[in-house]
Number of protein chains: 2
Amino acid sequence: MTSEPAPTRARRSDATRAAILRAARERFAADGYDRSTIRAIAAEARIDPSMVMRYYGSKEGLFAAAAEFDLRLPALAELPREQLGELLVRHFLDRWEGDETLAALVRTATTSPGAAERMRAIFAEQLTAAMAGLADPTEAPRRAGLVASQILGLALTRYIIRLPPVVDLDPAELVAWVAPTVQRYLTGPTPASA
Amino acid sequence: MTSEPAPTRARRSDATRAAILRAARERFAADGYDRSTIRAIAAEARIDPSMVMRYYGSKEGLFAAAAEFDLRLPALAELPREQLGELLVRHFLDRWEGDETLAALVRTATTSPGAAERMRAIFAEQLTAAMAGLADPTEAPRRAGLVASQILGLALTRYIIRLPPVVDLDPAELVAWVAPTVQRYLTGPTPASA
DNA sequence: GTCTATAATTCGATAGAC
DNA sequence: GTCTATCGAATTATAGAC
């Protein structure tokens, strides 16, 4: 009951802040950082452009606030080891289609160094953390990187570039094809020549 | 010997055109379409910005000219079937590190619809053509799409976002890890649930 | 807390001299 | 064939009225 600071009354500005953030995520996701203008974001949030500056300081500050993202990965070591690929691919597909922030990040990370750094942090920290206790610590980062290469490639071709054959696959087919790849990157043997 | 129009004398402007194209590829590859300015491209080519307009009409026209790309894929059906994954991953790594145009395309395809269309065309046409006679024609596009998802994911994480574990892998290790994935997408059995 | 007005840049594109 | 000068539009960001 006292877990919240219990503001004497809900500030009216909270709704505005949230509306700005929602609009920002939508515009950044659809157009990327450069093509998204503060004016367009404000228009979508139905507020004045200057409010964006007031609340977030600058366009970069707004993006930083909009680009917070939790992959919500479970601890992989506690799941059935032979189903990890399937579970992980399914989890990412759900996460991707339920929150457009990830698409915004990918779009932006290709041109903005700041967003690329955020992307590196998200995958390095969250994915590596989720893999704790799963693989040899020396190899864990490498395996996480390989998983990221397939997962992000799937996102790029399905949600960003929209390559027709990848778009047309339904989630079950996608899982069936891609899960073995992720499974091998996670738990497969280290190749001889590596 | 008569395969070329044999211009009476080499036009001086050819060198300028080539310099512009080279600079454009470099800027587009480094910064993407939006952040690349005609002024910056002209400065890098050490010519006047108005020359860019004169030769290519507009910024979009310049990009279209700079984004021509041949993956130079061999006919896969004529190669040893069980080495296709390895050969293809190696080919793409070489192609990617030898020509920055591909990186420019990926960077730009994430924000520019025109560049995304170009990307779809390149992978749909060239990759599907290279796979002629390799797989059931009904399944070929799907398999090509899956290959693209892994190859483009590799490019995204290694050359664009620069995820440290993926950057640190040397080409031989990368081939050893990723080739089996591509091999399965190309020649593996269709999964049961698909 | 919200909006108007505008400053300060920057860019793509054009016109025209040489 | 190359360059100077500049237009017109769009942007981020600021100052200040209400």
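Sequence lines set the chain letters: A, B, ... in the order given, protein chains first and strands last, and positions in each chain run from 1. For the numbers below, each heavy atom of this structure counts, side chains included, while hydrogens, waters and symmetry mates do not.
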Review point. Have A:Q150 and B:T181 got a donor and an acceptor in their side chains that come within less than 3.5 Å?
Key: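 Note: A:Q150 and B:T181 side chains miss the donor-acceptor criterion.
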Exercise for review: Compute whether any side-chain donor of one residue and acceptor of the other, for B:T110 and A:T110, lie under 3.5 angstrom apart.
Suggested key: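 Looking only at side-chain atoms, A:T110 and B:T110 do form a donor-acceptor pair, the distance falling under 3.5 Å.
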Could you state the [atom1]-[atom2] distance from [X] to [N], rounded to the nearest angstrom?
| X | N | atom1 | atom2 | answer |
| --- | --- | --- | --- | --- |
| B:R46 | D:dT2 | CZ | P | 15 Å |
| B:L62 | C:dA13 | CG | C1' | 14 Å |
| B:R54 | D:dT4 | CZ | P | 15 Å |
| B:R39 | C:dC11 | CZ | C1' | 6 Å |
| A:D34 | C:dG12 | CG | P | 12 Å |
| A:R27 | D:dT11 | CZ | C1' | 16 Å |
| A:M53 | D:dA15 | CE | P | 11 Å |
| B:R35 | C:dG12 | CZ | P | 14 Å |

Nucleotides 16-18 of chain D: which of its N/O atoms have a protein N/O under 3.5 Å away?
none

Exercise for review: Kindly write out the residues that satisfy salt bridge (Lys or Arg N to Asp or Glu O under 4.0 Å) with B:R25, not counting sequence neighbours, or none if the list is empty.
Suggested key: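 With neighbours one apart ignored, the set is empty.
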Heavy-atom distance under 4.5 Å between the side chains of [X] and [Y], does that happen here?
| X | Y | result |
| --- | --- | --- |
| A:L105 | A:F28 | no |
| B:E44 | B:I41 | no |
| B:T190 | B:R143 | yes |
| A:I47 | A:V52 | yes |

Among [options], which nucleotide sits nearest the side chain of [X]?
| X | options | answer |
| --- | --- | --- |
| A:Y55 | D:dT2, C:dA13, C:dG1 | C:dG1 |
| B:M51 | C:dT14, D:dG1, D:dA13 | D:dG1 |
| B:I38 | D:dC3, D:dG1, C:dG12 | C:dG12 |
| B:K59 | D:dA13, C:dG1, C:dG12 | C:dG12 |
| B:D48 | C:dG12, D:dC3, C:dG1 | D:dC3 |
| B:T16 | D:dT2, D:dC3, C:dT2 | D:dT2 |
| B:T37 | C:dC11, D:dT2, D:dC3 | C:dC11 |

Identify whether the distance between the nearest side-chain nitrogen and carboxylate oxygen of [X] and [Y] falls below 4.0 Å.
| X | Y | result |
| --- | --- | --- |
| A:R90 | A:E86 | yes |
| B:R142 | A:E173 | yes |
| B:R158 | B:E97 | yes |

**Study point:** Consecutive-pair stems (at least three Watson-Crick or G-U pairs, under 3.5 Å) that include DNA chain C
**Key:**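 So the stems come out as C:1-18 with D:1-18.
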